[in-house]
Engineer: 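Quick one: structure below, then a few questions.
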There are 2 protein chains.
Amino acid sequence: MDVKTLCLGVLFFGDATGYEIRKACSEGMISHLYEAGYGSIYPALAQLSGTGLVTCTEMAQDGRPDKKVYSLTEAGRQALIESLREPPAHDRIRSEFMFGLLFSQLLPNAEVGKRIDERIAWYRDGLERMRTCLGHDMAPGAQFVTGYGIAVYEAAANYLETHRDTLIRTLSQSEDTVEEQPAREAVGR
Amino acid sequence: MDVKTLCLGVLFFGDATGYEIRKACSEGMISHLYEAGYGSIYPALAQLSGTGLVTCTEMAQDGRPDKKVYSLTEAGRQALIESLREPPAHDRIRSEFMFGLLFSQLLPNAEVGKRIDERIAWYRDGLERMRTCLGHDMAPGAQFVTGYGIAVYEAAANYLETHRDTLIRTLSQSEDTVEEQPAREAVGR
DNA sequence: AAAGTCTATATCGGGCCAATATATATCGGC
DNA sequence: GCCGATATATATTGGCCCGATATAGACTTT
């Protein structure tokens, strides 16, 4: 599955411009599942347009630059369904935040605390948006996914809140032995 | 942060071959935070070796192909710390599983159930490994991160288990109206 | 009136990664 | 004792992806 399928999926919920699709995939609800930026979306739309899976209607606007509104065609709908049918690839995640915490012994304690606090705030913010979202009329799948997001974010925020101080305390205690601390095992597997 | 920093990080916990680094980043504990395959790791190691951040010792083995064991140099250690100091980029996630569920109305119910069951099994498997891991001696950061992983996976698995049947039931109920169902709002933001 | 944000489209260089090639060893099952 | 599968080990490539950047008028804030 690639960004082309992502665009088809967004367009399934209604016509949109490239700009709006990007918003959905990098700020909106979908950004929690599958992110994408301009550099992926615009080329994808051009290709989809070329193969007839979407149509593009240029709309002149007073003042602002022209809008290009994309719509899913019947062929696009079929292509979306076909893509969704094949077994989903394994999740791809890349969390610099978590990776950095692995090495929290190498960072100043204040920095560690600051990062955790920021992350908690980020989760709380996401939770608020998701809860607001649940009030509206949604497809059953979207409802399920949103509920899942809430459950996971809640657990993450709670863990960070309840274990933050313990981590900092532990780091403080072993602070002075950091210099000669030998490498440890138990990360390789 | 890129795969070069990832390699430096893994090597901080002890010398390793490219093969072992890949194992840690695509099967081991680190794979839950930051994945990488051969195509990223081998070029990264070559570059790190060229700039003196790691050293490479070739070890002949009876039978098996030669091993190239990489070690972090002092310069590499400093480079790692410097990289970790800069604020972590936003998490990047790409979950085809979750994205697919958004459109569960377009999939056969049996398929939806199967995917959820597989995902639950995957979480449970990950949980078991992480819990085993916690028994061993670990750096405080690694312990914190592992605990976080357990909390999140547990919440995810529980949500899927308790809401699986509700989703399927809801899908079955609206099954016959799928054909003429209009596009819905509330995904754009 | 300057500075910043929002709508809107588009490109590029470099990074990443799945798939693939190569070679040998070991282990379980028949 | 042989076969297929799995594990050890390194390396390349084509294509996808994406952060940064350019452009540009309108609206908002200071």
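Residue numbering restarts at 1 for every chain, and letters A, B, ... go by the order of the sequence lines.
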Engineer: Return whichever of A:Val3 or B:Val69 has its heavy-atom-nearest nucleotide of DNA chain D closer to the 5' end.
Structural biologist: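 Here B:Val69 is the residue nearer the 5' end.
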Engineer: Once you round it to whole Å, what is the distance between P of D:dA7 and CZ of B:Arg22?
Structural biologist: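 Taking CZ of B:Arg22 and P of D:dA7, I get 10 Å after rounding.
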Engineer: Are B:Leu167 and B:Ser104 packed together at the side-chain level, in the sense that at least one heavy-atom pair is separated by less than 4.5 angstrom?
Structural biologist: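 Counting from C-beta outward, B:Leu167 and B:Ser104 do come under 4.5 Å.
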Engineer: Using distance alone, with no hydrogens and no angle criterion, decide if A:Gln78 and A:Glu74 have a side-chain donor and acceptor under 3.5 Å apart.
Structural biologist: yes
Engineer: Between D:dT8 and B:Lys23, is there an OP1 or OP2 to side-chain N/O distance shorter than 4.0 Å?
Structural biologist: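 The answer is yes; a side-chain N or O of B:Lys23 sits under 4.0 Å from OP1 or OP2.
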Engineer: Using atom NZ of A:Lys67 as one end and atom C1' of C:dC6 as the other, report the distance to the nearest whole Å.
Structural biologist: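 After rounding, the reported distance stands at 13 Å.
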Engineer: On the nucleotide C:dT9, are OP1 or OP2 found under 4.0 Å from the side-chain N or O atoms that A:Tyr19 carries?
Structural biologist: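 For A:Tyr19, the contact criterion (side-chain N or O under 4.0 Å from OP1 or OP2 of C:dT9) is not met.
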Engineer: Please determine whether a side-chain nitrogen or oxygen atom of B:Lys68 lies at a distance below 4.0 Å from atom OP1 or OP2 of D:dA11.
Structural biologist: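 Answer is yes, contact under 4.0 Å.
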Engineer: Which donor-acceptor pairs under 3.5 Å do the side chains of residues 149-160 of chain B make with protein atoms, sequence neighbours left out?
Structural biologist:
residue  : atom : partner  : partner atom : Å
B:Tyr153 : OH   : B:His32  : ND1          : 2.7
B:Glu154 : OE1  : B:Arg131 : NH2          : 2.5
B:Asn158 : OD1  : B:Arg124 : NH2          : 3.3
B:Asn158 : ND2  : B:Glu154 : O            : 3.4
B:Tyr159 : OH   : A:Phe144 : O            : 2.9
B:Tyr159 : OH   : A:Tyr148 : N            : 3.4

Engineer: Between B:Tyr38 and D:dA11, is there a contact of a side-chain N or O with OP1 or OP2 at under 4.0 Å?
Structural biologist: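 For D:dA11, neither OP1 nor OP2 has a side-chain N or O of B:Tyr38 closer than 4.0 Å.
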Engineer: For B:Gly37, report the nucleic acid contact type (base, sugar-phosphate, nothing); a contact means any heavy atom under 4.0 Å.
Structural biologist: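 Since no nucleic acid heavy atom lies under 4.0 Å of B:Gly37, the category is nothing.
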Engineer: To the nearest angstrom, how far is A:Ile41 atom CD1 from D:dC17 atom P?
Structural biologist: 11 Å
Engineer: Evaluate the side-chain proximity of A:Cys25 to A:Val10: yes if any heavy-atom separation is below 4.5 Å, no if none is.
Structural biologist: yes
Engineer: Contact class for B:Thr17 vs. all strands (heavy atom < 4.0 Å): base, sugar-phosphate, or nothing?
Structural biologist: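 If one applies the 4.0 Å heavy-atom cut-off, B:Thr17 turns out to touch the sugar-phosphate alone, with no base involved.
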Engineer: In whole Å, what is the span from the CD atom of A:Gln47 to the P atom of C:dA10?
Structural biologist: 14 Å
Engineer: Heavy-atom nearest nucleotide on DNA chain D for B:Gly18 versus A:Gly39: which residue maps closer to 5'?
Structural biologist: B:Gly18
Engineer: Angle between ring planes, A:Tyr38 versus A:Tyr19, binned at 30° and 60°: parallel, tilted or perpendicular?
Structural biologist: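 Parallel.
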Engineer: In whole angstroms, how far is the C1' atom of C:dC16 from the CG atom of B:Asp2?
Structural biologist: 10 Å
Engineer: Would one find more than 12 heavy atoms of other residues, nucleotides or ligands at under 6.0 Å from atom CZ of A:Arg129?
Structural biologist: no
Engineer: Let's see if you get this right: which residues in residues 88-101 of chain B place a heavy atom under 4.0 Å from DNA chain C?
Structural biologist: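 Nucleic-acid contacts, sorted: none.
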Engineer: Could you tell me the separation between the OH atom of A:Tyr42 and the P atom of D:dC17, rounded to a whole number of Å?
Structural biologist: 17 Å
Engineer: For B:Tyr34, enumerate each residue passing the ring-ring contact (aromatic ring centres under 6.0 Å, His included) test, keeping only those at least two apart in sequence or located in another chain.
Structural biologist: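 For B:Tyr34 the ring-ring contact (aromatic ring centres under 6.0 Å, His included) partners, ignoring immediate neighbours, are A:Phe99.
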Engineer: Could you state the CD-C1' distance from A:Glu35 to D:dC18, rounded to the nearest angstrom?
Structural biologist: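 It works out to 11 Å between those atoms.
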Engineer: In whole Å, what is the span from the CE atom of A:Met1 to the P atom of C:dA18?
Structural biologist: 14 Å
